[in-house]
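Take a look at the structure below.
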Amino acid sequence: MKKTKNKIDPDIPLKEIDFTVFDLETTGFFPRIGDEVVSIGALKMNIEKMQFAEHFYEVVRPAKKIPREIFELTGLTSKDIDGGIEFPLAFKHFLEFSEDTLLVAHPASFDVPFLQEMVQRWGLPDYQPPFIDSYEVARWLYPQEKNGLDQLIQKFAVDKEARHHALNDANMTAKLFERLLYELMKEGIETYKDWELAKKHRRK
């Protein structure tokens with residue numbers, strides 16, 4: 001498997017960037033002790049081109065038995081899991097889908113390290129993608145508010161879909177992230193480099 005080619009010009013305006021907004025559903029919170037990915041949902045967006053058309057969704061068949069509560073939470077069925085594919089192939093497909101884009105997740109501080117741990121577990125090439133954490137953006141913009149996905153989709157009146165389905169959550173995050181990008185630009189943050197500098201100085 002080839003290494004990701006994701007390289008982002010730090011001076012490119014945020015409004016011109018091709019983003020891949022993604023979400024993982026997992027068997028738990030701790031991949032280092034054996035939790036696994038059970039689905040990956042993603043879509044591409046570019047706010048200048050007004051594109052939200054390309055979608056990605058894979059069910060991943062884990063090595064271990066899935067707890068009943070995960071079936072209940074995600075809505076996945078045993079038939080879905082049996083028809084899923086192993087992580088290396090699902091990840092390969094995700095790499096192809098997200099190539100030359102900037103990743104976004106809510107929070108990316110969970111999803112990106114989880115993918116990295118799975119990549120390491122399977123002995124795949126090192127994965128160090130550029131990304132923006134939309135939770136971190138929201139926390140920077142609204143430091144006194146709760147910035148979970150549910151609170152933010154209510155704040156911005158994003159149409160709510162069934163939660164804990166990877167593609168649904170990615171879709172809601174993309175709509176939310178579009179709003180957050182406009183709010184960042186109102187604050188004078190125009191480029192990826194601007195954001196990388198701004199996030200080091202949390203507002204009060």
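Throughout, residue positions are numbered sequentially from 1 according to the sequence presented. As a basis for the values below, the full set of heavy atoms in this structure was taken, side chains included, without hydrogen atoms, waters or symmetry mates.
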Qualifying salt bridge (charged side-chain N to carboxylate O under 4.0 Å, His left out) pairs with a residue from residues 61-82, counting only residues at least two apart or across chains: none
Contact list for residues 152-166, test salt bridge (charged side-chain N to carboxylate O under 4.0 Å, His left out), sequence neighbours left out: E145-K155, D150-K160, D150-R163, R163-D169
State whether the side chain of [X] and the backbone N or O of [Y] hold a donor-acceptor pair below 3.5 Å, judged by distance alone.
{"X": "D133", "Y": "A108", "result": "yes"}
{"X": "D35", "Y": "F29", "result": "yes"}
{"X": "W140", "Y": "H201", "result": "yes"}
{"X": "S134", "Y": "A105", "result": "yes"}
{"X": "W122", "Y": "F87", "result": "no"}
{"X": "Q151", "Y": "G148", "result": "yes"}
{"X": "E36", "Y": "A63", "result": "yes"}

Within this structure, what is the [atom1]-[atom2] distance for the pair [X] and [Y], rounded to the nearest 0.5 Å?
{"X": "R179", "Y": "I47", "atom1": "CZ", "atom2": "CD1", "value": "12.0 Å"}
{"X": "T173", "Y": "L180", "atom1": "OG1", "atom2": "CG", "value": "10.0 Å"}
{"X": "L14", "Y": "E190", "atom1": "CG", "atom2": "CD", "value": "7.5 Å"}
{"X": "L167", "Y": "I40", "atom1": "CG", "atom2": "CD1", "value": "12.0 Å"}
{"X": "T27", "Y": "I66", "atom1": "OG1", "atom2": "CD1", "value": "7.5 Å"}
{"X": "I81", "Y": "T74", "atom1": "CD1", "atom2": "OG1", "value": "7.0 Å"}

Check against side chain to side chain contact (heavy atoms under 4.5 Å, CB included), F56 and F22: CA-CA 9 Å; F56 173 91; F22 79 104; over 6 Å; no
Name of the residue among F131, F177, Y192 meeting ring-ring contact (aromatic ring centres under 6.0 Å, His included) with F19: F177
E196 atom CD, neighbour heavy-atom count above 12 within 6.0 Å: yes
State plainly whether one hydrophobic cluster holds both [X] and [Y], where clusters connect Ile, Leu, Val, Met, Phe, Trp and Tyr through side-chain heavy atoms under 4.5 angstrom apart.
{"X": "F71", "Y": "L24", "value": "no"}
{"X": "I189", "Y": "M185", "value": "yes"}
{"X": "V119", "Y": "F97", "value": "yes"}
{"X": "L184", "Y": "Y182", "value": "yes"}
{"X": "F114", "Y": "F30", "value": "yes"}

Contacts of E183 that satisfy salt bridge (charged side-chain N to carboxylate O under 4.0 Å, His left out) - sequence neighbours left out: K186
Side-chain heavy atoms of [X] within contact of [Y], under 4.5 Å:
{"X": "P10", "Y": "T191", "answer": "no"}
{"X": "L95", "Y": "E99", "answer": "no"}
{"X": "V104", "Y": "M45", "answer": "no"}
{"X": "H106", "Y": "L152", "answer": "yes"}
{"X": "I70", "Y": "L76", "answer": "no"}

For [X] against [Y], the heavy-atom pair lying closest together:
{"X": "Y57", "Y": "G41", "result": "CD1-CA, 4.1 Å"}
{"X": "M172", "Y": "V158", "result": "O-CG1, 4.2 Å"}
{"X": "I17", "Y": "N46", "result": "O-ND2, 3.4 Å"}
{"X": "N147", "Y": "R139", "result": "ND2-CA, 3.5 Å"}
{"X": "Y135", "Y": "P107", "result": "CB-CB, 3.8 Å"}
{"X": "A90", "Y": "V60", "result": "CB-CG2, 3.7 Å"}

Side chain to side chain contact (heavy atoms under 4.5 Å, CB included) evaluation trace for F156 with K175: CA-CA 9 Å; F156 288 105; K175 293 175 181 177; over 6 Å; no
Polar side chain donor-acceptor pair, T20 to S98, under 3.5 angstrom: no
Residues D100, D18; criterion side chain to side chain contact (heavy atoms under 4.5 Å, CB included); working and verdict: CA-CA 8 Å; D100 296 324; D18 292 322; over 6 Å; no
Trace of the side chain to side chain contact (heavy atoms under 4.5 Å, CB included) decision for E58 with F94: CA-CA 9 Å; E58 290 279 14; F94 179 70; over 6 Å; no
Test applied, side chain to side chain contact (heavy atoms under 4.5 Å, CB included); reference residue, P31; option that passes from E117, Q116, Q120: E117
Ring-ring centroid check F91 Y127, cutoff 6.0 Å: yes
